Amino acid sequence: RRKREKRERERGRERMKMVGVNSVILVVALGVFGNVLVTGAEEERALFELTLQGLDVVNYWLLQDGELPAFGAEIFRSLYKGYSFYFANSYNQEFFNAHKSKYVPEYGGYCAWAIADSSTLACIMREEWYIYQDRLFLFCNAEGKANWLQDPDTYIAQSDAFWVDKYGTLRDGPYNTGAFCNATV
């Protein structure tokens, strides 16, 4: 599984290199012709509900454990359930738009350990993350991540049950708009 994940990350890095020039062209074009088209109440809410302070959630799939994800830019913005997600380039934005439920972080981007341990919505550190069973989990600190990794299947079952009971589905509920526990941003 780890070899497959590594190959996927390497392929993603190669694709990102290929789209570099296209991204620059798109940035210029969007700067000239306008931004993402959204209207009404969704636009108003999205302006104030930037998820994870603009971290590119697709970027996590291209990283090695412990690496920092990139921040996105407003020009590469997508909406999901009334929240704004920013991306570092058009490639990541397109992947997100095609597979939104895959790329949004579990539990709204709140700390997976805090949800499992105490049903608490806690801030995260952007360098503390883990992809497990094709799901992105974020953590408030290295200790919480280490605790969670001791028995992820049990903690996922507990957290999933809590989240579904409280919010209806794993993709509903609040998304983390405060984000960080520390100043490593």
Side-chain angles (χ1 to χ4, degrees), residues 1-39 42-43 45-112 124-139 145 169-180 184-185:
R1 189 182 93 236
R2 290 188 187 265
K3 287 181 181 178
R4 182 178 54 102
E5 289 174 355
K6 184 177 179 181
R7 280 193 311 270
E8 288 176 8
R9 283 191 201 102
E10 288 171 359
R11 276 189 243 135
R13 285 188 181 116
E14 289 301 314
R15 285 187 217 120
M16 288 182 75
K17 289 177 189 173
M18 293 182 338
V19 299
V21 172
N22 292 338
S23 295
V24 170
I25 292 168
L26 182 62
V27 168
V28 172
L30 286 174
V32 172
F33 298 111
N35 202 338
V36 178
L37 178 63
V38 289
T39 59
E42 188 175 61
E43 167 72 7
R45 178 176 175 189
L47 290 174
F48 298 103
E49 303 277 24
L50 176 59
T51 305
L52 299 172
Q53 295 183 6
L55 283 178
D56 181 339
V57 294
V58 174
N59 185 241
Y60 281 100
W61 268 262
L62 305 173
L63 302 175
Q64 300 297 319
D65 190 36
E67 290 183 323
L68 293 176
F71 281 95
E74 184 176 8
I75 199 158
F76 300 117
R77 179 178 73 170
S78 292
L79 298 178
Y80 182 71
K81 297 192 178 272
Y83 291 88
S84 288
F85 287 82
Y86 285 4
F87 302 93
N89 54 54
S90 61
Y91 170 80
N92 288 4
Q93 182 185 31
E94 289 170 17
F95 262 77
F96 180 82
N97 288 338
H99 309 283
K100 289 180 180 181
S101 64
K102 171 186 174 154
Y103 291 111
V104 292
E106 297 304 310
Y107 320 122
Y110 290 99
C111 176
I124 58 132
M125 291 174 62
R126 77 184 237 231
E127 64 269 23
E128 299 300 337
W129 57 273
Y130 195 74
I131 295 174
Y132 183 74
Q133 296 178 343
D134 214 26
R135 296 168 70 181
L136 173 60
F137 298 92
L138 305 175
F139 300 93
K145 179 180 175 182
T169 75
L170 288 175
R171 295 295 173 241
D172 288 330
Y175 279 81
N176 187 345
T177 58
F180 305 114
T184 63
V185 297

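Owing to the predicted nature of the structure, the values given are computational and were not obtained by experimental measurement.
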Measure the acute angle between the ring planes of Tyr103 and His99, then classify it against the limits of 30° and 60° as parallel, tilted or perpendicular.
perpendicular

Should the ring pair Phe96 and Phe87 be called parallel, tilted or perpendicular, given that the plane angle runs from 0 to 90° and is split at 30 and 60?
tilted

Interatomic spacing from [atom1] in [X] to [atom2] in [Y] - rounded to 0.5 Å:
{"X": "Glu94", "Y": "Asn89", "atom1": "CD", "atom2": "CG", "value": "9.0 Å"}
{"X": "Lys81", "Y": "Lys100", "atom1": "NZ", "atom2": "NZ", "value": "10.5 Å"}
{"X": "Lys145", "Y": "Trp129", "atom1": "NZ", "atom2": "CH2", "value": "7.0 Å"}
{"X": "Lys102", "Y": "Arg171", "atom1": "NZ", "atom2": "CZ", "value": "11.5 Å"}

Distance-minimising heavy-atom pair for [X] and [Y]:
{"X": "Ser78", "Y": "Gln93", "value": "OG-CG, 3.3 Å"}
{"X": "Phe137", "Y": "Tyr132", "value": "CE1-O, 3.6 Å"}
{"X": "Leu52", "Y": "Gly109", "value": "CD2-O, 3.8 Å"}
{"X": "Arg126", "Y": "Tyr60", "value": "O-OH, 3.7 Å"}
{"X": "Asp172", "Y": "Thr169", "value": "OD2-OG1, 3.0 Å"}
{"X": "Asn59", "Y": "Leu68", "value": "OD1-O, 4.3 Å"}

State, yes or no, whether a side-chain contact exists between [X] and [Y] at a heavy-atom distance under 4.5 Å.
{"X": "Leu136", "Y": "Val104", "answer": "no"}
{"X": "Leu138", "Y": "Glu128", "answer": "no"}
{"X": "Tyr86", "Y": "Asn92", "answer": "no"}
{"X": "Pro105", "Y": "Tyr110", "answer": "no"}
{"X": "Arg77", "Y": "Phe85", "answer": "no"}
{"X": "Phe71", "Y": "Asp56", "answer": "no"}
{"X": "Thr51", "Y": "Ser84", "answer": "no"}
{"X": "Tyr107", "Y": "Arg135", "answer": "yes"}

Could you walk me through whether Phe180 and Met125 pass the side chain to side chain contact (heavy atoms under 4.5 Å, CB included) test, one step at a time?
CA-CA 5 Å; Phe180 305 114; Met125 291 174 62; over 6 Å; no

